[in-house]
Amino acid sequence: MNGHALRCSINMYKTAIITGAGRGIGKETALLLAKNDLNIVVCSRTQGEIDSVIKEIKKLKNNNNNNNNNNAIGVKCDVSNPLEVSQLVQKTIDCFEGVDVLVNNAGIAFISKLIDTSEEQWDKTIDINLKGTFLCTKAVLPLMLRKGSGVIINVSSGAGKMGFPNISAYCASKFGMIGLTESLAWEVSDTNIIVMAICPGEVNTRMQEDLDKDYYRENKNKMLKPEQIAQRIVEMIFNNRHKYISGQSVIIDT
């Protein structure tokens with residue numbers, strides 16, 4: 001598929017892929033990066049969510065009287081599938097010629113004691129949260145290395161810093177993301193590629209609600225908002241050489 005088929009244009013702005021961008025943290029990050037005039041690739045497994053976010057981005061551009069109204073595309077992608085990840089990156093290249101920013105945000109969670117966690121639940125959690133981060137990062141890294149610059153933000157969790165009961169698979173995946181972040185930061189330390197993780201506490205998202213509806217109803221007003229996490233991610237992208245260092249895990253809590 002070429003750039004004309006995707007109805008997109010090439011411009012002077014840098015390009016960001018955001019996984020899990022159909023809602024929550026990913027959606028807010030996509031919108032905020034669009035406001036900062038980056039080309040946006042909205043990645044999600046749900047086409048309806050993709051279409052909704054693209055519509056919001058285009059509306060945002062119209063409201064700002066920005067003539068560059070074609071700097072966002074949506075790509076349906078399961079980040080745990082190597083072929084789909086390869087297609088995601090190729091479509092991005094076809095449209096925008098490269099990738100400068102990758103936000104690995106796609107994630108799932110199950111509430112279950114370890115003894116009750118099925119192998120299927122374990123595999124799905126690790127595949128999407130951790131393997132997906134690995135696959136997307138590996139796919140964009142050659143582009144960043146050739147260009148000599150780039151930023152990769154891995155959305156981990158407070159549960160990637162400390163274990164919590166009944167979400168052992170999720171904790172394992174988020175701890176793994178931090179290990180991946182630190183290792184890759186060392187590997188690219190002689191380049192201008194920055195690799196960081198962000199570790200939010202409880203965030204008011206649909207995933208949080210789906211995990212435990214009663215707990216969510218009682219505590220949602222105390223939780224972080226997705227917009228707060230998005231704002232910190234964008235700060236990490238643009239101010240990484242002044243306030244943050246590669247390999248860092250940035251904790252954000254209420």
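In this text, all values refer to a predicted model and were calculated from it rather than measured experimentally. By convention here, the first residue in the shown sequence is residue 1.
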Grouping I, L, V, M, F, W and Y whenever their side-chain heavy atoms are under 4.5 Å apart, do [X] and [Y] come out in a common cluster?
X      : Y      : result
Ile167 : Ile128 : no
Tyr244 : Val234 : yes
Ile25  : Ile50  : yes
Leu135 : Val89  : no
Leu102 : Val188 : yes

First locate atom [atom1] of [X], then atom [atom2] of [Y], and finally report the distance between them rounded to the nearest 0.5 Å.
X      : Y      : atom1 : atom2 : value
Tyr170 : Ser157 : OH    : OG    : 4.0 Å
Leu141 : Arg146 : CG    : CZ    : 10.5 Å
Glu56  : Asp51  : CD    : CG    : 12.0 Å
Lys27  : Ile18  : NZ    : CD1   : 13.5 Å
Ile152 : Ile17  : CD1   : CD1   : 10.5 Å
Thr191 : Met144 : OG1   : CE    : 10.0 Å

With no hydrogens and no angle check, is any side-chain donor or acceptor of [X] less than 3.5 Å from a backbone partner on [Y]?
X      : Y      : answer
Asp116 : Ser112 : no
Ser52  : Glu49  : no
Asn81  : Leu83  : yes
Ser156 : Ile178 : no
Glu84  : Asp78  : yes
Ser118 : Gln121 : yes
Asn204 : Lys225 : no
Asp100 : Thr15  : yes

Lys213: side chain to side chain contact (heavy atoms under 4.5 Å, CB included) partners, not counting sequence neighbours
Glu209, Asp210, Arg217
Scan for side chain to side chain donor-acceptor pair (under 3.5 Å) pairs involving residues 128-145, sequence neighbours excluded, and state none if there are none.
Asn104-Thr137, Asn129-Ser173
Heavy-atom side-chain contact between [X] and [Y] under 4.5 Å:
X      : Y      : answer
Ile198 : Ser249 : no
Lys113 : Thr117 : no
Val75  : Gln87  : no
Ile237 : Ile194 : no
Lys161 : Phe175 : no
Ile108 : Arg45  : yes
Glu202 : Tyr215 : yes
Glu120 : Asp123 : no

Can you give me the closest heavy-atom contact between [X] and [Y], atom names plus distance?
X      : Y      : result
Ala106 : Val79  : CB-CG2, 3.9 Å
Gly24  : Thr205 : CA-CG2, 4.3 Å
Ala34  : Ile57  : CB-CG2, 3.9 Å
Val155 : Lys174 : O-NZ, 2.9 Å
Val42  : Ala21  : CG1-CB, 3.8 Å
Thr181 : Gln248 : CG2-O, 4.5 Å

Evaluate the criterion side-chain contact (heavy atoms from CB on, under 4.5 Å) for residue pair Cys95 and Asn39; output intermediate values, then yes/no.
CA-CA 9 Å; Cys95 251; Asn39 300 313; over 6 Å; no
Please step through side-chain contact (heavy atoms from CB on, under 4.5 Å) for the pair Val195 and Asn154, ending with a clear verdict.
CA-CA 8 Å; Val195 189; Asn154 296 324; 4.3 Å; yes
How far apart are the C-alpha atoms of Phe238 and Leu33, what are their side-chain angles, what is the distance that settles it, and do they pass the side-chain contact (heavy atoms from CB on, under 4.5 Å) test?
CA-CA 10 Å; Phe238 289 112; Leu33 287 174; 4.2 Å; yes
Looking only at side-chain N and O atoms, does Asp94 offer a donor or acceptor that is under 3.5 Å from a partner on Gln90?
yes
Taking atom types as modelled, find out whether Asn192 and Ser149 have a side-chain donor-acceptor pair closer than 3.5 angstrom.
no
Begin with the C-alpha distance, continue with both residues' side-chain angles, and end with the deciding distance and a verdict on side-chain contact (heavy atoms from CB on, under 4.5 Å) for Lys14 and Phe96.
CA-CA 8 Å; Lys14 292 186 176 181; Phe96 304 124; over 6 Å; no
